[in-house]
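Chain identifiers are assigned alphabetically (A, B, ...) following the order of the sequence lines, protein sequences preceding nucleic acid strands; residue numbering begins at 1 within each chain.
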2 protein chains.
Amino acid sequence: MGCGGTLQGPLTEADRGVVDVHERGQRVERATIAAVAAAAGVGVGTVSRVLNDSPAVSPATRERVRAAITALGYRPSRLAAGLSRGNTRTIAILVPFLTRPSVVARLAGAIAELDAAGYDTVVCNVENASQRDHHLIALTERHRADGILCISLALPRVHLERLDRAEVPIVTVDTRAPRIPSTEIDDFAGGVLATAHLLHLGHQRIGFIGDDRGSQLGFTSTRRRLRGYRQALATQGISLDPELVRLGPHGTEAAESQASALLGRATSPTAIFAASDTQALGVLAAAEQARRAVPEELSVVGYDDIEAAAQLRLTTVRQPLHESGARGARRLVNILHNQPVRPLREILALELVPRSSTGPAPDRTRSVRPTGPSLGMTKPPLRGHDVDLARSGPEHRPARNRPALATEPALSGAGPGAVSRRFAPY
Amino acid sequence: MGCGGTLQGPLTEADRGVVDVHERGQRVERATIAAVAAAAGVGVGTVSRVLNDSPAVSPATRERVRAAITALGYRPSRLAAGLSRGNTRTIAILVPFLTRPSVVARLAGAIAELDAAGYDTVVCNVENASQRDHHLIALTERHRADGILCISLALPRVHLERLDRAEVPIVTVDTRAPRIPSTEIDDFAGGVLATAHLLHLGHQRIGFIGDDRGSQLGFTSTRRRLRGYRQALATQGISLDPELVRLGPHGTEAAESQASALLGRATSPTAIFAASDTQALGVLAAAEQARRAVPEELSVVGYDDIEAAAQLRLTTVRQPLHESGARGARRLVNILHNQPVRPLREILALELVPRSSTGPAPDRTRSVRPTGPSLGMTKPPLRGHDVDLARSGPEHRPARNRPALATEPALSGAGPGAVSRRFAPY
DNA sequence: CTGAAAGCGCTAACAA
DNA sequence: TTGTTAGCGCTTTCAG
C-alpha cells in the first residue's frame, strides 16, 4: 500500500509486492518480502535480517517488521531463499526397503538429527536396482539436495563416479564405499560375538542363515557377519561345514525354509545364528514346526535387536540402529558445514543381548534333555511349554495332531503361505 | 567459452555462466543454463525446453544441447526452476511415530505414489505435541512444500486455522478434520467386524484393549473401533461391562499389563479385541503369562494386519495400510493439479483375517477344555503346546517352575521389562 | 543499524 | 522452431 510511488511505468504485481498463485483452483495473492518492507516502512534487507534473526536490527524496527509480517500473513519462500543462498538445506536419504524395522530405526535417527540441524529430509525408498538407479541418477542429474545419506545400500562404481562428477557430498551408513565417509557397524565382530556365545554354551554344530549376496541390492553385512562366524569357529578349531551355511532371500519365510532344511538333516545343528532378527524369527518358526524345543534342543541367535526380538525373548546381537542413522546424518551435516569428518570410517559398537533363545548345547551322551539348571546353564528354561515336555519325556514330541495342519481351513486372505507360518506364542 | 562477446562492462561470473559454490571446503564452479546455451550456441530458452522435454525443439538442436549439458556436467537447479515456476514439487508428510509398523506402511505407500507423480517427499516425524506444533508451524510459516499429507494425526483447531490462513493444501489419512479431504478407514465397521467374529464363536465376555484417548496426540481410531465393539455387543443384546474395556498407552508392554489385569479378574473375558496388532501382541504375552491357552481358553483379535500378525497367526482386521497412504497422496496430487477430489471423505474397506488366535468360546458347562474340533470349531488347535495341555489336563497348568521366573538371571541389557515380556514361540 | 541494488538460475511469454 | 527478456522472492554486499 502506498509504495512504489517513485516507480516509472505501470505497476506490476511484483511492484505491489504480491504474486499470483493458483492453488486449489482459486486465485490467491501471496505477500512478498517487498510488501512487508513497504508495510513496515523499511527496506527489504531489513526484513530479511529480521527473518534470519540477525542481531543487527534494532528492537523497534524488528517489532515493526514482525507486525507487518503477521498483518500481511507473509510466508517467506524457502525456494527463493535457497536460490539466493546457494543451497537447499535439504538432504536426501536413500533407504532400501523402508518398511524393514532395522531400516526405519536408522531412518528415524537420521531424520531426528537432520531436523535438529535445520535440514529437510527427503526420503527415497529403494526396493530394487532400477529404483536405486532412478534415484541416484535424479539426485545427481539435478541439484535437489545438498547431500545424500545412503543407508545400508551398496553403491556400484558407476554411481560412485556420477556422485563424484556431480560433487554431491555423500555419507553412508551400514555400508561403505571407497573414499566415502561412513558410519558402520562392526559386523565381523558381531558375527564373532554371536558365534562365540554359542561356542561358550558348548555348541559345536552351529548353523548360519543369512541374506543371499546375489540379492539385487547386494547387501554386504551378511557376508561380514558370516566371516565373523567363520573366524570364531576357526578359533575353536572347528572346521566349517559348508552345509551348515544357508544364504537366501531376506525375510522370515525364506529363513524358515532354510532353517527347516538345516533341521531336517541327519546331523542337524544344535544352534543357529541368523544374520538378522527377522530371519531369526523364521528360524524359531522352523524350530516350532520341527518340534525342537528352544533353547533345549536348538539355540537361536539373531542380529539387530529390533523390537520383536525383545518380545520373543530372542538372544541377539544389538546394534545401535537409531544412533547409526543419527551419526551418519551428523557427519553429513559436518561436511556441509565444512567441518572435518574424521576418521573416514566410524565404527559403532555391538553388544550381545542374551535372552531365552540360547542355552547350553544338548548333552549328546544322554538321550534325555536336561530338566534343570544343570550343565552350567546360565539361563534356566522359563517356558511352561518346556516344562510340559520335560515332564512327559521325548516320546511326547511326535506331533499327534499333525493332520490338523493339513486340514486347516482355507483362511480368507491368508493364502498359501499361511501353513508355513506356524510359530506363535500360544 | 567465447560467449558474451557483445556484453559491455567487466564479465561477471554469471556472464561466464558459472557460479561459485563452496562445498567440502573446495571451491567449485557449477555450470548454469547460460553456459550450456552458449556452449550449444542456442538461447537459454531452448536449453530450458530441452530440459523440460518440450516437443518444440528440433532433434538436431536437442542433441547439441544434450551434448553441451554432458560436456559441462551441467545440473539444473531445482530451486531456481521451482522459484520461477512458482511451486516446489515437494510435499511434506507428517507422521506420528515413524517406527510403528502401521505408520511406515502408510508412509511407504504415500512415498511411492508421490515419487511416481514427480514429487519429492519430506518426512516430518512427530513423537509428541510439541514436535507436531513445531512442524506444523514451520510448514505454514514458510513456504516449503506445495502441500501436506497428514497421517494418523489429529489436527487441533489452531493448526487448522493456520493451515487455512496459509492456504496450504492438506489431505489427511486415517484421521479427519472439518472440510479437509481425507482417506479413511471405517474403524467403526472394523470394530463391529472383530467383535462380531468373536460373538459368532460364542463369546459373551469380550474384553477391549486400546490406546488411551488422553494420549498427547489424540489418535481417534481406537475410539471408533470401540464404538463398533459396543455396537456389535448391543446388537446381540449383550450389555457392555465397562470393566472389560481398558484404555492405556500404546505399545505391546502396556497392552500386556492391561490384559493381565483383565485376565486376573474373577470373571475374566473369554476373548479380547485389541485395537491394534501391536497391542494384540501384548495380549498374547499376557495370556502366555497367565497360562491361558490361545485360542482354547482365550481368543484374541488384533487390528491392522502388520507382518507380525501373520507370523504369529493372529486373527486380525486387515486394513489397507500401504494403499491408504497411496490414496491420500494421490488426492493431494489431484488437488495440486486442480483436479476435483470427491467425495471429501474416501473410506477404505476392511477385511477380517481369521487365523489361529480365535476359536469357539470355551464351553462353560464343563471344566474340561475341548480336545478336538468339536463344538463347531472352524479352526482346530494347531499347537503342540496345546496338545500337551490337552493330554495332561487342567492340573497340569499351574506353573511348576514359576520360581525360575523370579530367579531369572539378570540379562545384560534386558532391563526390568524383561521378565514381563514372556511370550515366545518356544 | 539501515537502504539500495545486484544477483541467485531458471521458466515462460513474446517476438521473430 | 528459436532467442530475448522479464520476472520468481530472497540474500547479501556495499554505502551511508
Side-chain angles (χ1 to χ4, degrees), chain A residues 3 6-7 9-10 12-21 29-38 40-62 64-65 72 74-89 142-144, chain B residues 3 6-7 9-10 12-21 29-38 40-62 64-65 72 74-89 142-144:
Chain A
C3 69
T6 63
L7 292 173
T12 68
E13 284 173 329
D15 289 334
R16 290 172 25 235
V18 287
V19 51
D20 281 1
V21 165
E29 301 194 330
R30 202 142 53 199
T32 69
I33 200 173
V36 175
V42 301
V44 292
T46 301
V47 178
S48 176
R49 283 174 206 117
V50 171
L51 252 25
N52 296 293
D53 293 310
S54 157
V57 181
S58 78
T61 319
R62 179 183 308 276
R64 231 158 3 109
V65 172
L72 297 176
Y74 166 69
R75 304 194 309 139
S77 156
R78 187 188 180 77
L79 251 32
L83 177 58
S84 185
R85 233 187 295 116
N87 62 238
T88 65
R89 296 234 175 126
R142 323 189 67 105
H143 180 67
R144 304 196 305 173
Chain B
C3 70
T6 63
L7 291 174
T12 69
E13 284 172 330
D15 290 333
R16 289 172 25 234
V18 288
V19 52
D20 281 1
V21 164
E29 301 194 328
R30 200 142 54 199
T32 71
I33 199 172
V36 175
V42 301
V44 292
T46 300
V47 177
S48 175
R49 282 175 206 115
V50 171
L51 252 25
N52 296 293
D53 292 311
S54 158
V57 179
S58 78
T61 321
R62 182 184 306 276
R64 242 173 337 126
V65 172
L72 296 175
Y74 166 67
R75 303 196 310 140
S77 155
R78 187 186 180 79
L79 252 29
L83 177 59
S84 185
R85 231 187 296 117
N87 62 243
T88 64
R89 297 236 175 125
R142 324 189 67 106
H143 180 66
R144 302 196 305 171

Axis deviation across the helix from dC1(C)-dG16(D) to dA16(C)-dT1(D), five-pair ends, to the nearest 10°: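 Inter-axis angle at the termini of the helix from dC1(C)-dG16(D) to dA16(C)-dT1(D): 30°.
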
Sugar-phosphate, base or nothing in reach of Val42(B), heavy atoms under 4.0 Å: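 Contact class for Val42(B): sugar-phosphate only.
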
Sugar-phosphate, base or nothing in reach of Ala56(B), heavy atoms under 4.0 Å: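 Base, at least one base heavy atom under 4.0 Å.
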
Does any N or O donor sit under 3.5 Å from an N or O acceptor when you compare the side chain of [X] with the base of [N]?
X        : N      : value
Ser84(A) : dG9(D) : no
Arg75(B) : dG9(C) : no
Arg78(A) : dG9(D) : no

Looking at the side chain of [X], which of [options] is the nearest nucleotide?
X        : options                  : result
Arg85(A) : dT11(D), dT2(D), dT2(C)  : dT11(D)
Ser77(A) : dT11(C), dG9(C), dG9(D)  : dG9(D)
Leu51(B) : dA13(C), dT1(D), dT11(C) : dT11(C)
Thr61(B) : dT1(D), dG3(C), dC8(D)   : dT1(D)

side-chain N/O Ser48(A) vs dT11(D) OP1/OP2, d < 4.0 Å: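 For dT11(D), OP1 or OP2 has a side-chain N or O of Ser48(A) closer than 4.0 Å.
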
Residue-phosphate contact under 4.0 Å: Thr46(A) side-chain N/O, dT2(C) OP1/OP2: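 Answer is no, no contact under 4.0 Å.
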
From CZ (Arg78(B)) to CZ (Arg89(B)), nearest 0.5 Å: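 Nearest 0.5 Å value for the CZ-CZ distance: 7.5 Å.
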
Side-chain donor-acceptor contact under 3.5 Å, Arg75(A) with His143(B):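 Yes - a donor-acceptor pair under 3.5 Å links their side chains.
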
Length of the CD1-C1' vector between Ile33(A) and dA6(C), whole Å: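 Those two atoms, CD1 and C1', are 15 Å apart.
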
